[in-house]
Amino acid sequence: MKKNGNFIEKLEADIAVAEAELERFRVRGMAFTAEAKDRHDEHVEQLELKIDHINRDLRILKKADEYQWKDLKDGLESGWRELQYELRNAIETFKTESGVAGPHGGDEGPFPYGDLSSHSFAKKKK
């Protein structure tokens, strides 16, 4: 069961990183033009739903017996990879979107993420 516990701990840590990145993405969108903000908010909503779904599945996995474990784990890993892809894609889509705020508010530069590949949530599974 130690291996299962390690999987759960790692996934919980990765989810926390993804939630922090999503929060940064949400805040960045506050300065967009109305049209860009509408598109941005749709991405945020979809990503929030995916994170909620993964958290729900993780709670189910924690209660699963050894026979259910593999199927549930495989489904979680698949959902996790999908979330990673969609989060990276959303960030890249809005990376160069300019804000509408002036020098006293908002972010006028490019999206401040740097290289997401250093996060374990952004690493591709082989």
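Just so we're clear, the structure is a prediction, and the values are computed from it rather than from any experiment.
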Of all the heavy-atom pairs spanning R26 and V44, show the shortest one and how long it is.
NE-CG1, 3.8 Å
Please round to the nearest 0.5 Å and tell me the distance separating atom NZ of K62 and atom CD1 of I8.
6.5 Å
Report the C-alpha separation of K50 and E45 in whole Å, then their side-chain angles, then the decisive distance to 0.1 Å, and conclude whether the salt bridge (Lys or Arg N to Asp or Glu O under 4.0 Å) test is met.
CA-CA 9 Å; K50 289 201 178 299; E45 185 178 325; over 6 Å; no
Approximate separation, where rounding is to 0.5 Å, of K10 NZ and I15 CD1
10.5 Å
Would you check if the side chain of H40 reaches a backbone N or O of A90 as a donor-acceptor pair within less than 3.5 Å?
no
Once you round to the nearest 0.5 Å, how far does CD of E86 lie from CG of L49?
10.5 Å
May I ask you to decide whether K70 forms a salt bridge with D74, counting only side-chain N to carboxylate O separations under 4.0 Å?
yes
Should D41 and K37 be marked as a salt bridge (Lys or Arg N to Asp or Glu O under 4.0 Å) after you check the CA-CA gap, both sets of side-chain angles, and the distance that decides it?
CA-CA 6 Å; D41 290 349; K37 184 164 179 11; 3.0 Å; yes
dist Q68:CD -> I60:CD1 (nearest 0.5 Å) comes out at 9.5 Å
Which value, rounded to the nearest 0.5 Å, describes the distance between I51 atom CD1 and L58 atom CG?
12.5 Å
Does N55 reach the side chain of E19, with side-chain heavy atoms less than 4.5 Å apart?
yes
Decide yes or no on salt bridge (Lys or Arg N to Asp or Glu O under 4.0 Å) for E92 and R88, but give the supporting numbers first.
CA-CA 6 Å; E92 284 300 314; R88 280 192 310 267; over 6 Å; no
Roughly how far apart are D57 CG and D52 CG, rounded to 0.5 Å?
11.0 Å
Is F32 close to R39 at the side-chain level, that is, under 4.5 Å between some pair of heavy atoms?
no
Tell me the closest heavy-atom pair linking L87 and E21, and the distance in Å.
CD2-CB, 4.1 Å
Non-hydrogen side-chain atoms of W80 and Y85 separated by less than 4.5 Å:
no
Using side-chain heavy atoms (C-beta onward) and a distance below 4.5 Å, is F94 in contact with R28?
no
Would a 4.5 Å heavy-atom cut-off, applied to side chains only, mark L76 and I54 as touching?
yes
